[in-house]
Amino acid sequence: MSKKRVLTGYRPTGRLTLGHWFGNLLNMRAMQDDYEAFYFVADWHALTSDWQDTHAIRQYTEEMVLDWLAAGIDPAKAVIYRQSDVPEVAELSMYLSMVTPMTWLERVPSYKEQREQITEKDLGNVGFFLYPLLMSADILICRADVVPVGEDQLPHLELTREVVRRFNNQYGELLIEPKGVIAKEGARVPGTDGRKMSKSYGNAIYLSETEDETRAKVMSMITDPARKLKTDPGNPDICPLHQIHKLVSPDPSAIAEWDRCCRAADCGCVAHKKALVEDLNGYLREFRTRRAELAAEPGYAWEVLAAGAERVRPEVESLMADVRRAMHVDAEL
Ligand code: TRP
């Protein structure tokens, strides 16, 4: 039986964090063996919200690809490409806009939320309104079966499925209804302040930062707020230090011991932070070495993207030929 297809995209918004590592990268790395994998940089999606400040998109694209590669995403297995290298995505998105009622886009929850909450950017542009359809086009153009995403993206997958049904109903069964999946284990890595790790909260640990930077962040992390003194018993279940340590420690018995001594007020948070610094830096060492090697080869990320664009091209051309024919916008031969 032929392999199913997995596809996912990231907006190039900066270097990747420990949250991405456990929330997506491990999953993407595992899936490239069992699926035909398509992983792309959604640089047009970055434009929809950051059209007033586009200067960093190219640099972030490169950084993201380096992070993927250092994390073990293998260009010999996964097709790694950049959205803007596949302009047919815009064409498909335009065709999808013909069958999509405006009301469907107006009621996408992230649209309303972000319009209300993000006040420092102008999101009144048509491009931002069309964000979900562009995402649908990304998915459908590669005939993806499975799309791993963050929980906040599931409504976009639902919209995509509705659009597929309407399109297929009108023009024939030619688009595939994709299934959205959310990463389970470690999907929510806490940041240094205990909230979800996110660049915008300023609480992120970056995969590619230096050991000293990681040390400084870990040493200033918050722990169980009820544990003011070393003699106060703590609750590891609500302590971000413990949550991260569990994910990166090579030794489950050490974790059990930190858990015990925290509850018994037998050990202090500073000692525990020092232990986490060692384990976390140890956990990321191989990644960081590889990342530095890759970054030392100028242009490598762009070569990978160019090769990926070549590989995705036949898929795109075959799907687009079907779509144009079905909609009678191809040439009559
Ligand atoms: N909207 C996604 C995000 O912000 C990024 C994205 C764009 C995407 N196109 C996609 C994810 C297609 C999955 C499939 O995370």
Side-chain angles (χ1 to χ4, degrees), residues 4-17 19-25 27-28 31-32 35-51 57 60-61 64-65 67-68 73 78-90 92-93 96-97 105 108-111 113-115 117-118 121 123 127-164 175-183 187-188 196-200 204 305 308 312 315-316 319:
K4 291 211 173 233
R5 278 207 183 159
V6 61
L7 171 141
T8 195
Y10 282 33
R11 276 169 304 134
T13 51
R15 292 178 297 158
L16 299 180
T17 69
H20 293 112
W21 179 271
F22 288 105
N24 322 86
L25 289 169
N27 197 23
M28 285 164 70
M31 290 183 103
Q32 68 185 349
Y35 292 79
E36 269 187 86
F38 293 82
Y39 300 147
F40 73 98
V41 182
D43 57 339
W44 280 345
H45 275 104
L47 286 183
T48 64
S49 55
D50 293 318
W51 58 275
I57 288 182
Y60 287 163
T61 296
M64 187 155 284
V65 172
D67 280 343
W68 283 353
I73 309 295
V79 181
I80 299 171
Y81 64 101
R82 182 173 70 155
Q83 185 180 38
S84 58
D85 286 330
V86 186
E88 289 88 343
V89 168
L92 180 58
S93 158
L96 298 178
S97 77
L105 292 176
V108 170
S110 63
Y111 182 68
E113 271 163 38
Q114 300 200 14
R115 288 289 310 267
Q117 283 168 19
I118 303 180
K121 294 177 191 170
L123 300 181
F128 186 69
F129 182 66
L130 293 175
Y131 185 115
L133 273 194
L134 184 58
M135 181 162 162
S136 300
D138 291 328
I139 298 168
L140 301 173
I141 209 162
C142 286
R143 298 188 167 96
D145 301 293
V146 179
V147 182
V149 282
E151 209 170 350
D152 58 318
Q153 299 292 317
L154 284 179
H156 294 151
L157 263 297
E158 210 33 64
L159 174 85
T160 303
R161 295 160 62 85
E162 281 179 284
V163 170
V164 167
L175 300 178
I176 292 184
E177 265 189 60
K179 203 166 111 227
V181 292
I182 39 178
R188 260 170 212 274
K196 184 182 177 207
M197 186 177 285
S198 156
K199 182 184 175 186
S200 49
L305 288 173
V312 77
E315 307 299 333
V316 165
L319 189 281

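Indexing begins at 1, ligand by ligand and atom by atom, following the structure's order.
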Contact atoms of ligand 1, heavy-atom distance to [X] under 4.0 Å:
{"X": "V147", "value": "13 (C), 14 (C)"}
{"X": "A42", "value": "7 (C)"}
{"X": "F40", "value": "9 (N), 10 (C), 12 (C)"}

**Asked** Residues in salt bridge (charged side-chain N to carboxylate O under 4.0 Å, His left out) with D145, at least two apart?
**Response** none
**Message:** With respect to H156, determine whether any N or O atom, backbone or side chain, lies less than 3.5 Å from an N or O atom of ligand 1.
**Reply:**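 No - when backbone and side-chain N and O of H156 are compared with those of ligand 1, no distance drops under 3.5 Å.
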**Prompt:** Is any N or O atom of R11, backbone or side chain, closer than 3.5 Å to an N or O atom of ligand 1?
**Reply:** yes
**Prompt:** Going by an N to O cut-off under 4.0 Å, is there a salt bridge joining R15 and D67?
**Reply:**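 Answer for the salt bridge query: no.
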**Protein heavy atom at shortest distance from atom 1 (N) of ligand 1** = Y131 OH, 2.7 Å
**Message:** Give me the residue, atom name and distance of the protein heavy atom closest to atom 8 (C) of ligand 1.
**Reply:** G9 O, 3.6 Å
**Message:** Ring-plane angle category for Y131 and H156, please: parallel below 30°, perpendicular beyond 60°, tilted otherwise.
**Reply:** tilted
**Message:** Holding to ring pair (Phe, Tyr, Trp, His ring centres under 6.0 Å), I want the full list of residues that pass it with F128, two or more places apart in sequence or in another chain.
**Reply:** Y111
**Message:** Pairing donors with acceptors under 3.5 angstrom, does anything connect the side chains of T13 and R11?
**Reply:** no
**Message:** Looking only at the side chains, is there a donor atom on one of H20 and T17 sitting less than 3.5 Å from an acceptor on the other?
**Reply:**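 Yes, because at least one side-chain N or O of H20 sits under 3.5 Å from a partner of the opposite role on T17.
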